[in-house]
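To keep things clear, I will list the structure first and then write my remarks on it.
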Amino acid sequence: QVKLVESGGGLVQAGGSLRLACTASLDPFSRYTLGWFRQYPLKEPELIAAINRHGVGTSYPASSKDRFTVSRDNTKNTAYLQINSLKPEDTAVYYCAASSSPYYTDTYFATEYWGQGTQVTVSS
């Protein structure tokens, strides 16, 4: 059974930084494109970052490209999302996702597997 487990969320003050991690049981991990989404209450998840299988290609929508950085370590089956200069409006549940499709854009990701999510709360 495929599992994606996010960690690194929590309560942080505005202006601070967080690094979220997503460890996955995908086999092989390097065969999957990975994405990060965030979800506000009563809203659909929105794509905020994606990274290709080998970690050399990334994509961000305009709303996240300045403060978000996605990376991955295929030797550790783990993806990361660095968020800098956190703002109260970044408060949301953050999910990682995996896709066997190599195709993605800054607004499209063909999710096949989801993690359970990690809460990020930014205080002002």
Side-chain angles (χ1 to χ4, degrees):
Q1 184 178 357
V2 172
K3 286 190 68 176
L4 283 71
V5 181
E6 299 94 337
S7 61
L11 176 64
V12 64
Q13 286 192 325
S17 298
L18 278 177
R19 188 175 79 155
L20 308 182
C22 171
T23 301
S25 64
L26 302 163
D27 185 22
F29 182 77
S30 59
R31 185 173 173 271
Y32 290 83
T33 305
L34 301 174
W36 284 95
F37 290 75
R38 68 180 172 188
Q39 186 175 27
Y40 298 111
L42 305 179
K43 299 287 188 180
E44 293 293 317
E46 61 173 323
L47 180 65
I48 54 175
I51 187 165
N52 71 1
R53 296 168 174 177
H54 302 295
V56 295
T58 59
S59 180
Y60 307 89
S63 60
S64 59
K65 63 173 50 182
D66 289 336
R67 299 184 295 114
F68 293 70
T69 304
V70 60
S71 61
R72 65 190 292 165
D73 184 342
N74 287 350
T75 67
K76 297 180 178 179
N77 281 29
T78 301
Y80 303 96
L81 182 70
Q82 178 74 34
I83 314 174
N84 297 324
S85 302
L86 279 154
K87 304 175 182 180
E89 52 263 44
D90 293 321
T91 296
V93 179
Y94 286 72
Y95 296 90
C96 67
S99 173
S100 61
S101 170
Y103 179 69
Y104 63 92
T105 70
D106 57 351
T107 58
Y108 173 79
F109 187 88
T111 301
E112 295 175 38
Y113 303 103
W114 290 98
Q116 86 289 349
T118 187
Q119 176 71 46
V120 172
T121 303
V122 184
S123 64
S124 58

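One-based numbering along the sequence shown.
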Between Leu34 and Leu26, is the side-chain contact (heavy atoms from CB on, under 4.5 Å) condition met? List the steps.
CA-CA 11 Å; Leu34 301 174; Leu26 302 163; 4.2 Å; yes

Under the side-chain hydrogen bond (donor to acceptor under 3.5 Å, both in side chains) criterion, do Glu112 and Ser100 qualify, and how do the steps go?
CA-CA 7 Å; Glu112 295 175 38; Ser100 61; 2.4 Å; yes

Would Asp106 and Lys65 count as a salt bridge (Lys or Arg N to Asp or Glu O under 4.0 Å) if you check the C-alpha gap in whole Å, the side-chain angles of each, and the deciding distance to 0.1 Å?
CA-CA 10 Å; Asp106 57 351; Lys65 63 173 50 182; over 6 Å; no

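For the side chain to side chain contact (heavy atoms under 4.5 Å, CB included) criterion with Tyr80, the lone passing option out of Asp73, Val70, Leu20 is Asp73.
Using cut-offs of 30° and 60° on the angle between ring planes, the pair Tyr104 and Phe109 is tilted.
Within the 4.5 Å cutoff, the side chain of Tyr60 has no heavy atoms near those of the Asp66 side chain. Residues Phe68 and Trp36 are not in side-chain contact: their nearest non-hydrogen atoms beyond the backbone lie 4.5 Å or more apart. A 4.5 Å side-chain heavy-atom check between Tyr94 and Glu6 finds every atom pair outside the cut-off. With contacts defined as side-chain heavy-atom distances shorter than 4.5 Å, the pair Thr91/Gln119 qualifies. Side-chain contact between Arg53 and Ser30 is absent, with no heavy-atom pair separated by less than 4.5 Å.
Checked by atom type, the side-chain pair Thr23/Thr78 shows a donor-acceptor distance below 3.5 Å.
In this structure, Ser85 and Ser17 approach most closely via the heavy-atom pair N-OG, 4.2 Å.
In the hydrophobic clustering of this structure, Tyr95 does not group with Phe29; members are Ile, Leu, Val, Met, Phe, Trp, Tyr whose side-chain heavy atoms approach within less than 4.5 Å, directly or through other members. Leu47 is connected to Val93 through a chain of hydrophobic side-chain contacts under 4.5 Å among Ile, Leu, Val, Met, Phe, Trp and Tyr, so both are in one cluster. Using a 4.5 Å cut-off between side-chain heavy atoms of Ile, Leu, Val, Met, Phe, Trp and Tyr, with links allowed through other members, Val2 and Tyr32 fall into the same hydrophobic cluster. Under a hydrophobic clustering in which Ile, Leu, Val, Met, Phe, Trp and Tyr are joined whenever their side-chain heavy atoms come within less than 4.5 Å, directly or via other members, Phe37 and Ile51 fall into different clusters.
Of the possible donor and acceptor atoms, none in the side chain of Arg38 sits under 3.5 Å from a partner among the backbone N and O of Val120. Put simply, the side chain of Ser64 gets close to the backbone of Ile48: a donor and an acceptor are under 3.5 Å apart. With hydrogens and angles ignored, the 3.5 Å screen pairs no side-chain donor or acceptor of Arg67 with any backbone N or O of Ile83. Counting only distance, with no hydrogens or angles, the side chain of Asn77 and the backbone of Ala24 share a donor-acceptor pair below 3.5 Å. In this structure, the side chain of Ser99 does not engage the main chain of Thr33 through any donor-acceptor pair within 3.5 Å.
Here the CD atom belonging to Glu44 is positioned 7.0 Å from the CD atom belonging to Gln39, to the nearest 0.5 angstrom. Remark: Tyr108 OH to Tyr103 OH distance equals 7.5 Å, nearest 0.5 Å. To the nearest 0.5 Å, the span separating CZ on Arg19 from OG on Ser7 amounts to 9.0 Å. Rounding to the nearest 0.5 angstrom, the gap separating the CD atom in Gln13 from the OG atom in Ser124 is 9.5 Å. Between Thr69 atom OG1 and Leu81 atom CG the span is 8.0 Å, to the nearest 0.5 Å.
Heavy-atom neighbours of Glu89 CD from other residues, nucleotides or ligands within 6.0 Å: above the threshold of 12.
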